[in-house]
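Structure first, then comments.
In this chain, numbering begins with 1 at the start of the sequence shown.
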Amino acid sequence: MFGRIISALTRALLVALLFALPAILMPSVSADAIHIMLLFALFAALLVFIEYVSTYPSIIEFRYAAPFNRLRFLAVFLTVFTLSVIARGEASPNALTSFLHALGFIVGDAIDFPYSPVRLMVIMLPMDASAELILSVRTASGMAYLISLCALTLFFFFVRILGWPARNGAFNVWVNLPLFDPTAGGDVLPRLQRDGRLNIALGFLMPFLIPAVVQMMSDLVDPIHLDDPLTLIWTITAWAFIPASMIMRGMAMLRVASMISENRRRAYAAARGVQPA
């Protein structure tokens, strides 16, 4: 019990640090922004602590199937950290901020082609956007997209090469998928396959759909002002991380479905083998 509390507290502190990271790294942040980010940090830390201190999960999926959640947290942490350092470089430049800005500029410029997600993010900006804002959005989008692609590649390596999650021992579907209702009706295997493919399809489409939806809604509501560094950091992070997280979830559910199918085939083969001739 004591070890579980320490583990839950460590995870809660890391999540709180994630939400507070932009306010820590940015040279000048308003008091209202600090209070809002502190509130979010405390709420997220409390949620994670309650989730991990309990014996059985209620919200967080694949809790006992490392490193699924660790990869997702690492991806969003690196994204927030990198974009915060790049934004800090505008006021206090150094070697690290210059390197990350140059890397983001190269990646953003390389994938800024017609109909690409980065191009759609740039098009989403208002017509009177300054050249500095366009450059900042392109650089941040390129950096965030690079980190999300690296996270997806690494998780694909764990699934296809290292045999995740079977390499960690027995895998309990109902504990690792608390939001998946096995009694909703029908066989769980086609439902897992359907949900997995749906998550992958939505994750692939969301980087293209989000800018288009925001641009269409800008005529009805106030558009998002990305000239604020904090707004830029969290908007770009959500734009890159949520689709990548959905694709990872879809890959994981398809992997679980394939494991269930293999176990069923082995069980059917064993049952046929023991039947009398």
Side-chain angles (χ1 to χ4, degrees), residues 3-4 7-8 10-11 14-15 47-79 145 147-207 240-276:
R4 188 188 305 161
S7 176
T10 302
R11 287 177 168 85
L14 289 174
V15 172
L47 178 64
V48 171
F49 179 79
I50 294 175
E51 179 72 16
Y52 276 92
V53 79
S54 62
T55 304
Y56 302 104
S58 58
I59 298 177
I60 298 179
E61 296 182 325
F62 299 102
R63 173 174 153 181
Y64 298 102
F68 180 80
N69 289 318
R70 297 174 186 177
L71 280 177
R72 295 200 300 177
F73 176 80
L74 182 62
V76 68
F77 187 89
L78 287 178
T79 303
Y145 210 66
I147 295 174
S148 65
L149 289 178
C150 291
L152 287 174
T153 304
L154 187 57
F155 183 66
F156 181 83
F157 174 80
F158 273 97
V159 172
R160 294 298 183 182
I161 307 300
L162 300 182
W164 178 93
R167 62 190 298 266
N168 298 328
F171 181 82
N172 191 318
V173 176
W174 318 129
V175 173
N176 286 286
L177 290 171
L179 301 179
F180 182 80
D181 186 8
T183 63
D187 190 2
V188 296
L189 183 58
R191 289 173 54 208
L192 284 171
Q193 294 173 340
R194 179 197 62 199
D195 291 351
R197 297 189 183 103
L198 180 62
N199 275 270
I200 292 177
L202 289 177
F204 178 78
L205 292 175
M206 281 187 68
F241 171 72
I242 293 177
S245 179
M246 294 184 66
I247 294 176
M248 291 176 62
R249 184 176 185 269
M251 293 169 58
M253 297 186 77
L254 289 178
R255 171 59 179 164
V256 172
S258 67
M259 292 174 60
I260 295 176
S261 179
E262 292 173 3
N263 289 334
R264 287 183 178 181
R265 284 197 298 267
R266 286 196 295 265
Y268 294 156
R272 288 194 299 268
V274 298
Q275 289 178 354

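Nearest heavy-atom pair across P178 and V175 is CD-O, 3.6 Å. For L71 against F158, the heavy-atom pair with the smallest separation is CD1-CD1, 4.2 Å. Among all heavy-atom pairs drawn from A8 and V53, the shortest one is CB-N, 3.7 Å. Across all their heavy atoms, Q193 and L254 have their closest contact at O-CD2, 3.6 Å.
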Return all side-chain donor-acceptor pairs below 3.5 angstrom for residues 240-249, not counting sequence neighbours, or 'none' if the list is empty.
{"from": "S245", "atom 1": "OG", "to": "R72", "atom 2": "NH1", "distance (Å)": "2.9"}
{"from": "R249", "atom 1": "NE", "to": "E61", "atom 2": "OE1", "distance (Å)": "2.6"}
{"from": "R249", "atom 1": "NH1", "to": "N199", "atom 2": "OD1", "distance (Å)": "3.4"}
{"from": "R249", "atom 1": "NH2", "to": "E61", "atom 2": "OE2", "distance (Å)": "2.9"}

Worksheet item: What do the steps show when you test F68 against W164 for side chain to side chain contact (heavy atoms under 4.5 Å, CB included), and what is the final call?
Response: CA-CA 9 Å; F68 180 80; W164 178 93; 4.0 Å; yes
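For the pair S7 (side chain) and G3 (backbone), a donor-acceptor distance under 3.5 Å is absent.
Rounding to the nearest 0.5 Å gives a distance of 11.0 Å between OG of S261 and CG of L192. We find the CD1-CG distance between I200 and D195 to be 11.5 Å, quoted to the nearest 0.5 Å. L189 CG to I260 CD1: the interatomic distance, rounded to the nearest 0.5 Å, is 6.5 Å. Note that CZ of R63 is 6.0 Å distant from CD of E51, once rounded to the nearest 0.5 Å. Interatomic distance, L162 CG to L154 CG, rounded to the nearest 0.5 Å: 9.0 Å. Between atom OG1 of residue T10 and atom CZ of residue F49 there is a gap of 10.0 Å, rounded to the nearest 0.5 Å.
L14 is not listed as a side-chain neighbour of F77, based on a closest heavy-atom distance of 4.5 Å or more. Side-chain contact between M259 and P165: present, with at least one pair of heavy atoms (C-beta onward) separated by less than 4.5 Å. Residues R255 and S258 meet the side-chain proximity criterion, which asks for heavy atoms closer than 4.5 Å. Side chains of M253 and R191 form no contact here, defined as non-hydrogen atoms less than 4.5 Å apart. Counting only heavy atoms from C-beta outward, the side chains of V15 and L47 never approach each other to under 4.5 Å.
Looking at N176, L179, N69 one by one, the single match for side chain to side chain contact (heavy atoms under 4.5 Å, CB included) with I60 turns out to be N69.
Among residues two or more places apart in sequence or in another chain, the ring-ring contact (aromatic ring centres under 6.0 Å, His included) test is passed with F204 by F208.
By the neighbour-count criterion of 12 heavy atoms within 6.0 Å, atom CZ of R160 is sparsely surrounded, having that number or fewer from other residues, nucleotides or ligands.
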